[in-house]
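A note on names: the letters A, B, ... follow the listed sequences, proteins ahead of strands, and every chain is numbered from 1. What you see is a predicted model; the values in this text were computed from it and never measured.
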Number of protein chains: 2
Amino acid sequence: MDDFLTLLVRAHKLLQAASDEAMSRHGVRIGQNLILEALWETDGLTPGEVASRARLPITTPTIVNTATRMEAAGLLTRRRDPKDGRLVRLYLTDRARAAQQPIRESRRQLAEHATATLTDEERAHLRTALLKIIQQLATDQAGPGER
Amino acid sequence: MDDFLTLLVRAHKLLQAASDEAMSRHGVRIGQNLILEALWETDGLTPGEVASRARLPITTPTIVNTATRMEAAGLLTRRRDPKDGRLVRLYLTDRARAAQQPIRESRRQLAEHATATLTDEERAHLRTALLKIIQQLATDQAGPGER
DNA sequence: GGAGTATCATTAGCTTGCTAATGAGACGGT
DNA sequence: ACCGTCTCATTAGCAAGCTAATGATACTCC
């Protein structure tokens with residue numbers, strides 16, 4: 001347990017596992033969260049729109065695959081757009097909509113629990129440190145693409 | 001971009017992608033790193049030993065699968081233990097051993113680059129914050145198992 | 001209006017991780 | 001010496017992510 005890469009990977013793994021367990025209690029898996037959040041906000045988005053609006057970068061094929069599992073699980077339905085036959089619109093079922101509050105609350109509790117032993121100051125520091133790292137690495141990605 | 005769960009997942013994703021890209025330049029993929037580290041330290045471990053010694057928790061099936069890909073990539077060879085027929089010992093090839101220094105250096109550089117915009121104090125804060133989160137979540141896991 | 005191009009979703013195929021089920025081999029006790 | 005149990009690695013099967021390739025539909029320009 002030494003360098004910060006290891007620490008971050010370890011923290012991430014534990015948090016993902018805990019998130020998945022928490023969400024599973026509501027019939028939802030961790031990978032479905034981004035899609036749910038996008039559709040809770042705006043129902044009837046296309047896979048591409050979900051990908052671009054998601055709170056975290058995610059590719060369209062991942063949305064499509066996850067949406068297929070969610071359809072099988074009765075969380076959403078697919079409907080072809082009547083005006084543009086290329087588009088597929090994703091609509092949440094009542095079950096998925098009903099899960100919104102419990103899931104949000106679970107995640108809030110998890111975040112609180114995970115950082116329970118930190119002081120407010122430490123939480124603030126953590127936040128800014130992560131933001132700086134993200135910014136540093138994200139600009140790398142943008143850079144090589146050039147302009 | 002709001003709660004710390006999101007920030008941590010985002011930072012993790014960027015770091016994993018950057019790590020994989022860096023290691024790929026040396027003919028190694030990110031998932032192979034834990035096995036390499038264990039075998040650099042002690043060659044000829046069994047999959048189960050690698051799993052228990054790895055710097056990060058990982059399951060034996062994951063070791064086995066990754067070892068199979070590494071074998072195909074010419075990074076290691078499998079040999080049955082002559083004394084105990086249940087055991088399989090993993091031995092690195094020269095190619096894998098030669099990659100040790102370059103890969104370590106690449107990862108060090110990546111960690112440095114990722115945290116380049118942080119002050120030393122911020123780095124220290126980040127480290128302790130992650131440790132606290134890990135400890136908090138890891139004790140959860142141990143707890144439910146009881147004693 | 002038809003051909004070529006652009007824009008979608010989807011499929012194919014890969015990696016990395018997991019749990020549960022299998023199967024082979026070793027070992028302890030009778 | 002054999003039977004049951006324990007300990008391994010492996011396989012099966014799933015989730016979640018990615019890039020590249022496909023295929024269907026729309027749009028644009030002549």
Leading and trailing nucleotides of DNA chain D with any atom under 4.0 Å from heavy atoms of chain A: D/dA15 to D/dA26
Partner residues of A/His12 under the ring-ring contact (aromatic ring centres under 6.0 Å, His included) criterion, sequence neighbours left out: B/His12
ring-ring contact (aromatic ring centres under 6.0 Å, His included) partners for B/His125, two or more places apart: A/His125
With rounding to the nearest 0.5 angstrom, report the [atom1] to [atom2] distance, [X] to [Y].
X        : Y       : atom1 : atom2 : result
B/Glu71  : B/Thr77 : CD    : OG1   : 7.0 Å
A/Leu76  : A/Leu45 : CG    : CG    : 11.5 Å
B/Leu130 : A/Phe4  : CG    : CZ    : 8.5 Å

A/Asp20 vs B/Val88, nearer the 5' end of DNA chain D by closest nucleotide: B/Val88
How long is the line joining [atom1] of [X] and [atom2] of [N], in whole Å?
X       : N      : atom1 : atom2 : value
A/Lys13 : C/dT19 : NZ    : C1'   : 14 Å
B/Leu56 : C/dG17 : CG    : C1'   : 12 Å
B/Arg29 : C/dG17 : CZ    : C1'   : 14 Å

Side-chain donor-acceptor pair present, A/Glu105, A/Gln101, cut-off under 3.5 Å: no
Pair A/Thr6, A/Asp3: side-chain N/O donor-acceptor within cut-off below 3.5 Å: yes
With 3.5 Å as the limit, what N/O pairs link the protein to nucleotides 25-29 of chain C?
| residue | atom | partner | partner atom | Å |
| --- | --- | --- | --- | --- |
| C/dG25 | N2 | B/Arg86 | NH1 | 3.4 |
| C/dA26 | OP1 | B/Gly85 | N | 2.8 |

Please name all residues satisfying salt bridge (Lys or Arg N to Asp or Glu O under 4.0 Å) with [X], sequence neighbours left out, ordered by chain then number.
X       : result
A/Lys13 : none
B/Arg29 : B/Asp20
A/Arg97 : A/Asp43, A/Asp94
A/Arg80 : none

Note: B/Glu49-B/Arg89 ion pair, threshold 4.0 Å (strictly below): yes
Salt bridge present between A/Asp84 and A/Arg86 (N-O < 4.0 angstrom): yes
Which atom of A/Thr117 lies closest to which atom of B/Lys132, heavy atoms considered: O-NZ, 3.2 Å
Strand-adjacent residues in [range], judged by heavy atoms under 4.0 Å from DNA chain C:
range                     : value
residues 62-72 of chain B : B/Thr62, B/Asn65, B/Arg69
residues 40-51 of chain A : A/Thr46, A/Pro47, A/Gly48
residues 30-38 of chain B : B/Ile30, B/Gly31

Sugar-phosphate, base or nothing in reach of B/Arg89, heavy atoms under 4.0 Å: nothing
Which residues share a side chain to side chain contact (heavy atoms under 4.5 Å, CB included) with A/Arg69, sequence neighbours left out: A/Thr66
